[in-house]
Amino acid sequence: MDMIHIVIAGPRGNMGKEAVKMVSAEESFQLTAVVDRHHDGFQMKDVEGMEPLDVPIFEDMEQCFQQVTCDVLIDLTSPEVGKKHMLTAFDYGVRPVVGTTGFSDEDISQLSQIAEEKKIGAIIAPNFAIGAILLMKFSKMAAKYLPDVEIIEQHHDRKLDAPSGTAVKTAQMISEVREPKKQGHPDEKEQLKGARGAEYDGMRIHSVRLPGLVAHQEVIFGGEGQSLKLRHDSFNRTSFMPGVKLACETVMGLTVLIYGLDQIVE
Ligand SMILES: NC(=O)C1=CN([C@@H]2O[C@H](COP(=O)(O)OP(=O)(O)OC[C@H]3O[C@@H](n4cnc5c(N)ncnc54)[C@H](O)[C@@H]3O)[C@@H](O)[C@H]2O)C=CC1
Ligand SMILES: O=C(O)C1=N[C@H](C(=O)O)C[C@H](O)C1
């Protein structure tokens, strides 16, 4: 396989740090730069807390793409920043692999349209962990038979977006197979606002935020006299890295945007 030149945005974040380790350890990947909010002009090895690598740091994505070779941009920042980074990547013919969550449906369809027009591959993956992808697929399978479902996602208390990207994607996948349905009693009233969680197409999503958690999701199905619970836990961020690697390899052969690794993991 040809060497894949990679730039990582958000290299000091929880996910970015793991991605730097994974990319720099892979023989067929070369980390050519990182894009950080600070430390423009430094090398990673000169910055405390960064890996001791001879890799340049840029604060500006355009300058980065003008100065280093890049096939794939891995973005692990925030939705506003991630969208801007994707648009810049498309301008420079670079394929984005985006783990950042919190994009709206409009963002995704706008970015898909640009990728299609420019024939540049892109992947937005709300969850890179293989177990979480299987949880989404199993949930879709179960919802055909047990259409009453509630999603409970639990994350660390530094998370900015709620509900999680994974919970939204799970609800979207379930919606593809179940008849539109409003759950619970038709006359139910929330005595305390938010008690029934967020609503997605009649389904309820509950978001828990606590220190000590990483990323966890339960999908609970209810039927007459029975219940089915599907659960996935990420206990650390290394759990996401095989999916990031797979996305970087796969995006090289794409000419459209793929939303969700469920499209790739068959
Ligand atoms: N798809 C997946 O499997 C996963 C996705 N995530 C998502 O990834 C994103 C990042 O998560 P964490 O690493 O936990 O967050 P974090 O807050 O630890 O890291 C985000 C990093 O982005 C950096 N950043 C912000 N603006 C920037 C800019 N303009 N240029 C360069 N860097 C910038 C921040 O300085 C920070 O270091 C979130 O949206 C989260 O939901 C997190 C875990 C797994
Ligand atoms: O912020 C996180 O940590 C995570 N975010 C993603 C999401 O919003 O689904 C993926 C995973 O749950 C971890």
Cluster link L31 to V97, ILVMFWY, side chain under 4.5 Å: yes
field: Ion pair R231/E218, N-O distance below 4.0 Å
entry: yes
Pairwise side-chain contact, C248 with I6, heavy-atom cut-off 4.5 Å (strictly under): yes
query: Do F240 and Y259 sit in the same hydrophobic cluster, where Ile, Leu, Val, Met, Phe, Trp and Tyr count as joined when their side-chain heavy atoms come under 4.5 Å apart?
result: no
query: Should we count OH of Y200 as having more than 12 external heavy atoms under 6.0 Å?
result: yes
query: Under a 4.5 Å cut-off applied to non-hydrogen side-chain atoms, are Q217 and I152 in contact?
result: no
query: Between K17 and M22, is any pair of side-chain heavy atoms under 4.5 Å apart?
result: no
- prompt: Hey, are E59 and R37 close enough for a salt bridge, meaning a charged N less than 4.0 Å from a carboxylate O?
  reply: no
- prompt: What are the two closest heavy atoms between C64 and V35, and how far apart are they?
  reply: SG-CG2, 4.0 Å
field: Joint hydrophobic cluster, V7 plus I4, side-chain heavy atoms closer than 4.5 Å
entry: no
- prompt: So which heavy atom on T101 is nearest to which on G165, and how close?
  reply: CG2-CA, 3.9 Å
statement: Closest non-hydrogen atoms of L111 and I124, given as atom of the first, atom of the second and distance, are CD1-CD1, 4.2 Å
message: Just verifying a value: how many Å separate S109 OG and E116 CD, rounded to the nearest 0.5 Å?
response: 11.5 Å
Could you pull out every donor-acceptor pair under 3.5 Å between side chains of residues 125-141 and any protein atom, sequence neighbours left out?
| residue | atom | partner | partner atom | Å |
| --- | --- | --- | --- | --- |
| N127 | OD1 | A129 | N | 2.9 |
| N127 | ND2 | T166 | OG1 | 3.1 |
| K137 | NZ | D262 | O | 3.2 |
| K137 | NZ | V265 | O | 2.9 |
| S139 | OG | L135 | O | 2.7 |
| K140 | NZ | E176 | OE1 | 2.8 |

task: Answer with yes or no whether the hydrophobic clustering places V256 together with L261; edges join I, L, V, M, F, W, Y residues whose side-chain heavy atoms lie under 4.5 Å apart.
output: no
- prompt: Under 4.0 Å between a Lys/Arg side-chain N and an Asp/Glu carboxylate O for E18 and K21?
  reply: yes
query: Hey, mind stepping through L210 and H155 against side-chain contact (heavy atoms from CB on, under 4.5 Å) and telling me if it holds?
result: CA-CA 6 Å; L210 286 171; H155 282 83; over 6 Å; no
task: Please report the closest heavy-atom contact between M86 and A122, naming both atoms and the distance.
output: CE-CB, 4.3 Å
field: Connected via hydrophobic side-chain network under 4.5 Å: V251 and M3
entry: no
task: Without swapping roles, check the side chain of D105 against the backbone of I108 for a donor-acceptor pair under 3.5 Å.
output: no
message: I'd like to know if the side chain of E199 and the backbone of M203 have a donor-acceptor N/O pair within less than 3.5 Å.
response: no
message: Please check this pair: side chain of R178 against backbone of P147, looking for a donor-acceptor N/O pair closer than 3.5 Å.
response: yes
Residue pair T77 / G82: nearest heavy atoms and the distance that separates them: OG1-N, 3.5 Å
Whether Q183 side chain and V149 backbone form a donor-acceptor pair below 3.5 Å: yes
field: Value rounded to 0.5 Å, distance of OG in S207 from CD1 in I151
entry: 10.0 Å
- request: Take V23 and E26 through the side-chain contact (heavy atoms from CB on, under 4.5 Å) test and state the conclusion after the steps.
  value: CA-CA 5 Å; V23 169; E26 276 301 318; 5.9 Å; no
- prompt: Does Q30 reach the main-chain N or O of H5 with its side chain, forming a donor-acceptor pair under 3.5 Å?
  reply: no
- prompt: Between E249 and K245, is the closest basic N to carboxylate O distance under 4.0 Å?
  reply: yes
- prompt: Does the distance from a Lys or Arg side-chain N to an Asp or Glu carboxylate O, for K181 and D148, drop under 4.0 Å?
  reply: yes
message: One pair to check against side-chain contact (heavy atoms from CB on, under 4.5 Å): V20 and M44. What are the steps and the verdict?
response: CA-CA 10 Å; V20 164; M44 288 183 78; 3.7 Å; yes
- request: Flag the pair L146 / L228 as yes when at least one side-chain heavy-atom distance between them is below 4.5 Å, and no otherwise.
  value: yes
message: Is it the case that the side chain of D60 and the backbone of Q63 share a donor-acceptor pair, with hydrogens and angles ignored and the cut-off at 3.5 Å?
response: yes
query: Does a side-chain N-to-carboxylate-O contact under 4.0 Å join E153 and K159?
result: no
query: Are the side chain of T100 and the backbone of D75 linked by a donor-acceptor contact shorter than 3.5 Å?
result: yes
task: Would you please test M173 and K169 for side-chain contact (heavy atoms from CB on, under 4.5 Å) and show each step?
output: CA-CA 6 Å; M173 287 171 68; K169 177 73 170 147; 4.1 Å; yes
message: Tell me whether the count of non-hydrogen atoms from other residues, nucleotides or ligands lying under 6.0 Å of CG in D2 goes above 12.
response: no
- prompt: Crowded around E190 CD? As in, over 12 foreign heavy atoms under 6.0 Å?
  reply: yes
message: Taking S78's backbone N and O only, do any of them form a donor-acceptor pair with K83's side chain (distance below 3.5 Å, no angle check)?
response: no
query: Any side-chain heavy-atom pair from L254 and R95 closer than 4.5 angstrom?
result: no
Flag side-chain contact, heavy atom, 4.5 Å: L257 against I123: no
task: Flag the pair L73 / M61 as yes when at least one side-chain heavy-atom distance between them is below 4.5 Å, and no otherwise.
output: yes
field: Any donor-acceptor N/O pair, H232 side chain to L230 backbone, under 3.5 Å
entry: no
message: Once rounded to the nearest 0.5 Å, what's the spacing between atom CZ of R237 and atom CG of N14?
response: 4.0 Å
- request: List the atom of S239, the atom of P242, and the distance in Å for their closest heavy-atom pair.
  value: O-CD, 3.8 Å
query: Does the side chain of K84 come within less than 4.5 Å of V81's, by heavy atoms?
result: no
- prompt: For residues D91 and T88, is any side-chain donor paired with an opposing acceptor at under 3.5 Å?
  reply: no
